[in-house]
Number of protein chains: 2
Amino acid sequence: MAQKSKYCEETETLARYAKALAHPARISIMQFLAKRNTCYFGDIHEELPIAKATVSQHLKELKEAGLIQGEIETPKVKYCINKKNWKKAQALFSDFFNKDFCDRECSC
Amino acid sequence: MAQKSKYCEETETLARYAKALAHPARISIMQFLAKRNTCYFGDIHEELPIAKATVSQHLKELKEAGLIQGEIETPKVKYCINKKNWKKAQALFSDFFNKDFCDRECSC
DNA sequence: AATAATGTTTGTATATTTACGAACAACAAA
DNA sequence: TTTGTTGTTCGTAAATATACAAACATTATT
């Protein structure tokens, strides 16, 4: 238990974003936010087949991963994509998938 | 419990791939496979700071998600990326991140 | 002050994930 | 046949994740 992180930072960050997106409800939320202008909690809840407490929980995870941010607009709460981190995630996934991998003998 | 999947198939598939990548060990494995020609279990295990049983478990998850495939080459086991599904995942993530999202009033 | 609207937090139950050692399986070599 | 090499599977423990109802917090309205 000497070291805290055993993987390189970029790998950890990418895994963190992947984890945030590892549930269809959270993918749906991001897709919804991407195409919507105003994005209140209620609108998001309406789109999803789950209880509001669960929606709130998923939003919290996305927020903690840095992919979205919220703002109180009494009595509602407005959510939107955190563009800076969205771009960061985009870049990390892009790098990850665009590594040109060996086409040679790895023929299993 | 009437419906089996409450989200659209593309969303489910994307979430499934994200989940497979939601751990730094599995990201590392994919990165390793991407750059290596021969890729035996032992080589992968050597790269990672975890027990072989755990490595085997992670490989199983990647295999079940369709991202890799294995082949016995007695007495070793050779793993490599499943190119078809890798491309599928690449396309799904690309579409997901390249949705041009609203730049207007969602200013939280 | 009571009521309504909008979300968050709490409590809780269940399922899944992560990790490891030990046991096991398959095969080659001595 | 015994031994060694390579991985997988099993058993198990601890941590996380997922889902919901109920309670709560906040602010506006009556």
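Here is how names work: the chains are called A, B, and so on, in the same order as the sequence lines, proteins then strands, and each is numbered from 1.
Contact annotation for A:His23: backbone-only contact, meaning every heavy-atom pair under 4.0 Å involves sugar-phosphate atoms and none involves a base. Among the heavy atoms of the strands lying under 4.0 Å from A:His58 are primed sugar atoms or P, OP1, OP2 only; no base atom is included.
We find that NZ of B:Lys19 is positioned 14 Å from P of C:dA15, with the value rounded to whole Å. When the P atom of C:dT18 is taken as reference, atom CD of B:Glu64 falls 13 Å away, rounded to whole Å. One atom, CD1 of B:Ile50, and another, C1' of D:dA14, lie 17 Å apart when rounded to the nearest Å. The distance from atom CD of B:Glu61 to atom P of D:dA17 is 14 Å, rounded to the nearest whole Å. As a whole-Å value, the separation of A:Glu71 CD from D:dT27 C1' is 16 Å. Taking atom CD of residue A:Glu73 and atom C1' of nucleotide C:dG7, one finds them 14 Å apart after rounding to whole Å. A straight line from CZ of A:Arg16 to C1' of C:dT17 spans 15 Å, rounded to a whole angstrom. Counting to the nearest Å, the P atom of C:dA5 and the CD atom of A:Glu46 are 15 Å from each other.
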Please report the C-alpha distance between B:Trp86 and A:Phe96 in whole Å, then the side-chain angles of each, then the deciding distance to 0.1 Å, and finally whether the ring-ring contact (aromatic ring centres under 6.0 Å, His included) criterion is met. CA-CA 11 Å; B:Trp86 174 265; A:Phe96 177 74; 5.4 Å; yes

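Residues A:Phe97 and B:Phe93 bring their aromatic ring centres within 6.0 Å.
When the shell of 6.0 Å around CD of A:Glu64 is examined, it contains more than 12 heavy atoms from other residues, nucleotides or ligands.
By the side chain to side chain donor-acceptor pair (under 3.5 Å) test, B:Thr54 is found to be paired with no residue, residues two or more places apart in sequence or in another chain being considered.
If you check C:dC20, C:dT18, D:dT27 against the side chain of A:Thr74, the one that comes closest is D:dT27.
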Do any N or O atoms of the protein come closer than 3.5 Å to N or O atoms of nucleotides 6-11 of chain D, and which pairs are they?
unit_1: D:dT6; atom_1: O3'; unit_2: B:Pro75; atom_2: O; d: 3.4
unit_1: D:dG7; atom_1: OP1; unit_2: B:Val77; atom_2: N; d: 3.4
unit_1: D:dG7; atom_1: OP2; unit_2: B:Gly42; atom_2: N; d: 3.1
unit_1: D:dG7; atom_1: N7; unit_2: B:Lys52; atom_2: NZ; d: 3.2
unit_1: D:dG7; atom_1: O6; unit_2: B:Lys52; atom_2: NZ; d: 3.3
unit_1: D:dT8; atom_1: OP1; unit_2: B:Tyr79; atom_2: OH; d: 2.4
unit_1: D:dT8; atom_1: OP2; unit_2: B:Ser56; atom_2: OG; d: 2.6
unit_1: D:dT8; atom_1: O5'; unit_2: B:Ser56; atom_2: OG; d: 3.4

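Using a 4.5 Å heavy-atom threshold, the side chains of B:Gln31 and B:Ile27 count as touching. The closest side-chain heavy-atom distance from B:Tyr17 to B:Asn85 is below 4.5 Å.
Summarising the geometry of B:Asn98 relative to A:Gln90, their closest heavy-atom pair is OD1-NE2, 3.1 Å, with the distance given to 0.1 Å.
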